[in-house]
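I have placed the structure first, in the form of structure tokens, so that the comments after it can refer back to it.
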Amino acid sequence: MKRRVKLGVLVSGSGSNLQSIIDHIEKGLLDAEIRMIISNNPEAYALVRARKHGIPYTVLEYRDFGTREDFDRKVIEVFNASGVELVIMAGFMRILSPSFLNAFPMRIMNIHPALLPSFPGMHAQKKAFDYGVKFSGCTVHFADDGVDTGPIIIQAIVPLYDHDSDETLAQRILKEEHRIYPKAIQLYAEEKLEVAGRKVRVKDHKQTDPHPLHNPPLVNF
Ligand code: GAR
């Protein structure tokens, strides 16, 4: 039987990325099991998803903890008690403390709705839209002590069109998030990710999309 990587998922909101991970596991496309979900928000729709799929979850509210360190210590305790190997930040709106990063070295993944290092932080889709870029996208990376700065595992490029709003752009990006996050986790599960400094190499990786992209397109030019 294939080894299944044991996930701990951190959520704050809708949990559509969590749902995509669950769906990929249930379809047999992702060799993982979700051992525990932690939400800092008791109203998060992600918890409805957890209940529906019979996945254990814990709600930890910031106001019940004195400091960020105290909060993170509790998260570490809950994840360790659940045998979590890899932490997945899925729309979790909080920077991690050094003790959390030390507890899971290069074993915390985050997804960000922009082509990092462009537009880190909150409201990335709107920032990209307002800037007028022709492409944006999404990034899965290992977390480090910065805001959306860790080594990049996988990115998807998403075009912007003239008729877009920041919301239509966000929806197009989210669709790709739902594809690349399970893929990044599967690469981890297959032990194909090699981290050297800022670079993440993917073992046995075959280049299949060698063409540069243009937007607007270079037709007959
Ligand atoms: C996603 O778009 C994710 O990239 C973003 O929050 C959303 C969560 O959606 N995360 C960040 O902006 C982190 N800087 P979800 O709860 O439906 O997965």
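Please read these numbers as outputs of a predicted model, since none were measured by experiment. Ligands are counted one by one from 1 in listed order, and the atoms in each one are counted from 1 as well.
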Quiz item: Given D164 and R172, is the side chain to side chain contact (heavy atoms under 4.5 Å, CB included) satisfied, shown in steps?
Solution: CA-CA 10 Å; D164 266 325; R172 194 174 305 122; 2.8 Å; yes
Exercise. Would you please test N17 and E177 for side-chain hydrogen bond (donor to acceptor under 3.5 Å, both in side chains) and show each step?
Key: CA-CA 7 Å; N17 277 291; E177 293 185 41; 3.0 Å; yes
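For ligand 1, the atoms closer than 4.0 angstrom to any heavy atom of G91 are 6 (O), 8 (C). In the vicinity of S16, heavy-atom distances shorter than 4.0 Å reach the ligand 1 atoms 15 (P), 16 (O), 17 (O), 18 (O).
Under 4.0 Å is where a charged nitrogen must lie from a carboxylate oxygen, and between K6 and E85 at least one such pair does. Between D64 and K74 no salt bridge is recorded (no basic side-chain N to carboxylate O distance below 4.0 Å).
In terms of protein heavy-atom proximity, atom 9 (O) of ligand 1 is closest to N17 ND2, 4.1 Å. Summary of contacts: the protein heavy atom closest to atom 13 (C) of ligand 1 is I111 O, 3.8 Å. Looking only at heavy atoms of the protein, atom 6 (O) of ligand 1 is closest to M93 CE, 3.5 Å. For atom 5 (C) of ligand 1, the closest non-hydrogen atom of the protein is P113 CD, 3.9 Å.
Take R107 and apply the side chain to side chain donor-acceptor pair (under 3.5 Å) test, not counting sequence neighbours, and it matches no residue. By the side chain to side chain donor-acceptor pair (under 3.5 Å) test, N110 is found to be paired with H141, D148, residues two or more places apart in sequence or in another chain being considered.
Nearest-residue assignment for atom 3 (C) of ligand 1 (options M122, E177, Q19; heavy-atom criterion): E177. Nearest to atom 14 (N) of ligand 1 by heavy atom, out of R49, Q171, H112, is H112.
Considering backbone and side-chain N/O atoms, S14 comes within less than 3.5 Å of an N/O atom of ligand 1. At a 3.5 angstrom cut-off on N or O pairs, L174 does not count as close to ligand 1.
Once rounded to the nearest 0.5 Å, the distance linking OG of S16 with CD of Q171 reads 11.0 Å.
Between the side chains of D70 and T67, at least one donor-acceptor pair of N or O atoms lies under 3.5 Å.
Using 4.0 Å as the threshold, G15 has a heavy atom nearer than that to some atom of ligand 1.
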